[in-house]
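To start, the structure itself, in structure tokens.
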Amino acid sequence: MQLIIDSLPLLFSGLLITFKLASLTLILTAFISLIFGIMSVSRYKMLRIISIVFVEVFRDIPIVVNLLFVYFGAPLLGLALDPFTAALVSLTSWGSANGSEIIRGGFNSLAKHQRESAMALGLRPWETMLFVLLPQVIVPVLPSFTGLFSLLIQATSLATLVGASEFLRTANIIVERTTMMTGESPAFAVFGFVLCVYFVICFSLNVLTSKLERKLVKSRTMQSQEEKNSSNLLKAFTESFSALKWRKSHD
Amino acid sequence: MVNSMSIDQLAGSAISIKGLSKWYGDFKVLEAIDLNIDNGEKVVICGPSGSGKSTLIRCVNGLEEHQEGQIEVEGKVLEKDIKSISKVRAEVGMVFQHFNLFPHLSILDNCTLAPLTLRNVSRQEAEETAMHFLEKVKIPDQAHKFPSQLSGGQQQRVAIARSLCMKPKIMLFDEPTSALDPEMIKEVLDTMVELAEEGMTMICVTHEMGFAREVADRVIFMDSGKVVEMNTPENFFSNPEHPRTKLFLSQILDH
């Protein structure tokens, strides 16, 4: 315990770097996810392809491998990245790939007629996106994004692998140094402390967003009712007509 | 009738469709459709499911692309580029089967969104216009509610008001009453009749034959992507020319 208190300044500096890494990662991830998510439902095939390639490439590579590749691979391309930037780049690319997939799912779950009726009013595609589609997508994707953000915060600890002096690495240094100096390993206490800190951070993030979510959902409960309503109507309709033919005439 | 005649004489055709064909893959949904609709004219299109009637009116405002033929709306040829399509759409109101109100916006905001975005109007002006049309469809008191708080019939009337806020010259109705409970059909039809009486050019895809009889200048019967019969409502109902029309009418009027 005394050891932890003694090394608090060091741990704190590590925690600060973790916070910096996490917040930059989350901001960039949110931003880039949005861009690629919107691209994935674009009218232009080229943009959709770019988005799909980006998502598939970064989603299918483990973050650790990605991180090592960026850190050790970038110098070969003439870009020497410091550990912090390398971690930021790899975490953001992994997060954005998953985030844009979440946003694409959000768009797909929106009824097709929302886009159509906006366009029928004469709204141009970007106006339809901004005023009609996007506002309806943001709230439903919040829970998935909280999950992703929580994962990303936890994944910042991977930056220790390339030597970024973030929280986990400072803890590691303390453990190693103390073991060498005293011959006794304080690993259990120190890493236990680290564990608790990560837990507190992610847990409070989850609580915070679920509160925000509840607030937002409250103002929109009417919406879910409407969805139920319209699906009932649809059912009644397709029962009285032939479902197949109806689709044909509308698709 | 006298009213619409005089409007006809004043101006040319609102919509002119020539040789319109459309395929979904190998399936031909529309086959060489020719149709002229004059300003102020009301046309009802009916036909069995899958006959292409919805597709036809969705082609008119570019929601569906056609492969062959030409569509002119108010003298402007419908091009493929999104800018010209958007311009045509702003002149052509469309009401859908499932109302399609924007659930995240209040009734008033639903009505002002397009005018505020596309027309050069102040918020106050847009809201006044919106209230004017909401009064017209008889739901001004619901203006600050959200779509899901309204009944289906009310939502559909809002959808009509929302289209009218863009002050369109032509209104398209795609089975506007098909998704409604029976007791709500009348209120929507009443609104449409009122609109027709004011001289709006209208194309309605509907199975409401009473509405067709009362309002339509022409009734079109479509089957398998073709216009089978085009007639005045009197002849259409009492003396249909085509056997396919007779069969359809006997099926639809039975219940």
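All values reported here derive from a predicted model rather than from experimental measurement. To find a chain, count down the sequence lines: A is the first, B the second, and so on, and within it residues start at 1.
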Side chain B/H104, main chain A/F131, donor-acceptor under 3.5 Å: yes

Side chain, backbone, both or neither: which part of B/V92 has a heavy atom under 4.5 Å from chain A? backbone

B/L101 and A/Q114: which non-hydrogen atoms are nearest, and at how many Å? O-NE2, 2.9 Å

Return yes when atom CZ of A/F84 has more than 12 non-hydrogen atoms of other residues, nucleotides or ligands closer than 6.0 Å, and no otherwise. yes

For B/F102, is it the side chain, the backbone, both or neither that has a heavy atom under 4.5 Å from a heavy atom of chain A? both

Go through the atoms of A/A118 and report whether side chain, backbone, both or neither lie under 4.5 Å from a heavy atom of chain B. both

May I ask you to check whether over 12 heavy atoms, not counting those of A/K211, lie within 6.0 Å of atom NZ? no

When only pairs under 4.5 Å are counted, which of B/M166, B/R162, B/M94 shares the most heavy-atom pairs with chain A? B/R162

Distance from B/N100 atom CG to A/K112 atom NZ, nearest 0.5 Å? 11.0 Å

Run the ring-ring contact (aromatic ring centres under 6.0 Å, His included) test against B/F133 and tell me which residues pass, sequence neighbours left out. none

Rounded to the nearest 0.5 angstrom, the NE2-CG distance for A/H113 and B/L63 is 13.0 Å

Of all the residues in residues 106-123 of chain B, which have a heavy atom that comes within less than 4.5 Å of a heavy atom in chain A? B/L113, B/A114, B/T117, B/L118

Residues of residues 121-130 of chain A under 4.5 Å from chain B (heavy atom pairs)? A/L121, A/G122, A/L123, A/R124, A/P125, A/E127

How would you list, by chain and number, every residue that makes a ring-ring contact (aromatic ring centres under 6.0 Å, His included) with A/F203, sequence neighbours excluded? A/F199

